[in-house]
Amino acid sequence: MGDTGTTPAAPAAWAVFEAAEPDLAATVRERFGQYTHHALATLRRDGSPRLSGIEADFRADELWLGMMPHSRKARDLLRDPRFALLANPGEGTGMGGGDVRLSGRAVEITDTRTLEWYAKEAGQPLPFHLFRAELTEVVRTSVEGEDLVLRTWVPGRPPRTIRRGNDDTPPRES
């Protein structure tokens with residue numbers, strides 16, 4: 001699962017991912033829909049990671065990230081738009097529904113009309129920072145029998161499924 005030696009693909013909108021991999025996209029939406037709060041990783045000014053709670057929102061074929069004005073996570077994204085978003089794993093240590101994470105770039109929305117539309121749709125008062133997520137990777141990790149299964153999607157590449165046992169056997173692609 002390391003470097004494939006290819007140039008990274010351009011980030012893709014949620015709708016592009018959904019069209020390319022509708023089953024995986026439905027699983028991801030379902031996983032994010034199970035809980036309101038999720039974990040957002042951003043990069044601090046010094047390059048170290050920051051982990052913050054966030055509500056991810058799917059509307060109008062896009063994945064939106066809204067946050068309070070001048071919040072640290074918003075400032076992080078304004079400085080460096082790269083992020084990772086982990087769906088809330090839920091209670092306990094089980095992996096019911098699998099583990100889902102997205103990586104990408106956050107595009108700030110400054111258009112007044114879009115901000116007002118989103119505020120009305122989401123029932124959130126202005127002001128706030130709003131970002132549209134552009135995806136660079138989607139990963140679902142689940143357990144199937146004795147295997148840990150990773151399903152990945154990267155824009156412009158075929159999806160991959162990698163299976164790993166709980167022993168020293170090398171991972172295998174299926």
Side-chain angles (χ1 to χ4, degrees), residues 1 11-44 48-109 115 118-125 128-145 147-155 159-164 166:
M1 290 191 318
W14 175 262
V16 171
F17 164 57
E18 200 164 40
E21 289 297 316
D23 292 340
L24 181 56
T27 298
V28 170
R29 265 192 196 246
E30 180 183 338
R31 218 30 214 98
F32 274 98
Q34 289 177 356
Y35 296 93
T36 302
H37 295 95
H38 306 287
L40 176 71
T42 58
L43 295 170
R44 297 171 192 253
S48 63
R50 181 187 316 275
L51 193 59
S52 307
I54 192 164
E55 295 179 22
D57 193 19
F58 296 91
R59 291 181 192 279
D61 295 326
E62 298 285 359
L63 171 57
W64 304 93
L65 306 172
M67 49 204 79
M68 292 170 42
H70 310 293
S71 65
R72 291 179 189 259
K73 60 189 164 194
R75 291 188 308 201
D76 288 347
L77 291 173
L78 291 169
R79 186 178 50 260
D80 185 331
R82 294 176 293 171
F83 73 90
L85 181 64
L86 175 68
N88 186 327
E91 297 180 25
T93 58
M95 286 188 61
D99 184 55
V100 172
R101 70 178 160 82
L102 313 171
S103 299
R105 295 187 169 277
V107 177
E108 182 186 20
I109 304 302
L115 290 168
Y118 184 86
K120 182 178 176 187
E121 285 287 314
Q124 297 295 322
F128 52 78
H129 285 287
L130 182 63
F131 298 88
R132 185 184 71 248
E134 291 188 348
L135 305 175
T136 56
E137 181 182 50
V138 177
V139 179
R140 178 177 185 247
T141 305
S142 60
V143 176
E144 293 179 12
D147 287 340
L148 184 67
V149 179
L150 291 95
R151 288 189 174 85
T152 63
W153 176 84
V154 173
R160 296 176 67 195
T161 300
I162 298 170
R163 296 177 176 278
R164 216 170 76 189
N166 194 19

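Worth knowing before you read on, the calculation uses all heavy atoms, side chains too, and leaves out hydrogens, waters and symmetry mates.
A salt bridge links E144 with R151: the distance from a Lys NZ or Arg NE/NH1/NH2 to an Asp or Glu carboxylate oxygen falls below 4.0 Å.
Residue P11 comes nearest to E134 through the heavy atom pair CB-CB, 3.5 Å, listed as atom of the first residue, atom of the second, then distance. Taking each heavy atom of R44 and R79 in turn, the nearest pair found is C-NH2, 3.2 Å. Minimum heavy-atom separation, F131 to A74: CZ-O, 4.0 Å.
A salt bridge (Lys or Arg N to Asp or Glu O under 4.0 Å) check over residues 51-69, counting only residues at least two apart or in different chains, returns the pairs D57-R59, R59-E121, E62-R132.
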| Can V149 and I162 be said to form a side-chain contact (heavy atoms from CB on, under 4.5 Å), step by step? | CA-CA 6 Å; V149 179; I162 298 170; over 6 Å; no
| said: Between L130 and W64, is the side-chain contact (heavy atoms from CB on, under 4.5 Å) condition met? List the steps. | reply: CA-CA 7 Å; L130 182 63; W64 304 93; 3.8 Å; yes
| said: Determine whether V139 and W153 satisfy the following criterion, side-chain contact (heavy atoms from CB on, under 4.5 Å), listing intermediate values before the conclusion. | reply: CA-CA 7 Å; V139 179; W153 176 84; over 6 Å; no
| said: For R101 and E137: C-alpha separation, side-chain torsions, deciding distance, then whether side-chain contact (heavy atoms from CB on, under 4.5 Å) applies. | reply: CA-CA 8 Å; R101 70 178 160 82; E137 181 182 50; 3.3 Å; yes
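Residues that satisfy the salt bridge (Lys or Arg N to Asp or Glu O under 4.0 Å) test with E30, not counting sequence neighbours, are absent from this structure. Every residue was checked against the side chain to side chain donor-acceptor pair (under 3.5 Å) condition with E21, not counting sequence neighbours, and none meets it.
For the pair M67/L77, a side-chain contact is recorded, criterion being any heavy-atom separation below 4.5 Å from C-beta on. Inter-residue side-chain proximity for V138 and T152 is flagged as unmet; no heavy-atom pair is nearer than 4.5 Å. Between D76 and L43 there is no side-chain heavy-atom pair separated by less than 4.5 Å. L78 is listed as a side-chain neighbour of E108, based on a closest heavy-atom distance under 4.5 Å. Contact check for L40 versus F83: side-chain heavy atoms found under the 4.5 Å cut-off.
A distance-only check finds no donor-acceptor pair linking the side chain of R164 to the backbone of D147 [under 3.5 Å].
Between the OG1 atom in T136 and the CZ atom in R82 there is a gap of 10.0 Å [rounded to 0.5 Å]. Taking OG1 from T36 and CD1 from I54, the interatomic distance works out to 13.0 Å, rounded to the nearest 0.5 Å. Here the OG1 atom belonging to T42 is positioned 11.5 Å from the CG atom belonging to L85, to the nearest 0.5 angstrom. Atom-to-atom distance recorded for L63:CG and L135:CG is 6.5 Å, nearest 0.5 angstrom. To the nearest 0.5 Å, the span separating NE2 on H129 from NZ on K73 amounts to 11.0 Å. Atoms CZ and OG, from R50 and S71 in turn, are 9.0 Å apart once rounded to the nearest 0.5 Å.
Summarising the local packing, CZ of R72 is surrounded by 12 or fewer heavy atoms from other residues, nucleotides or ligands at distances under 6.0 Å.
Partner of H38 under the side chain to side chain contact (heavy atoms under 4.5 Å, CB included) criterion, out of N88, L102, V100: N88 alone.
Aromatic pair F58/W14: ring centres closer than 6.0 Å.
The aromatic rings of F128 and Y118 sit perpendicular, their planes meeting at an angle over 60°, well past the 30° parallel limit.
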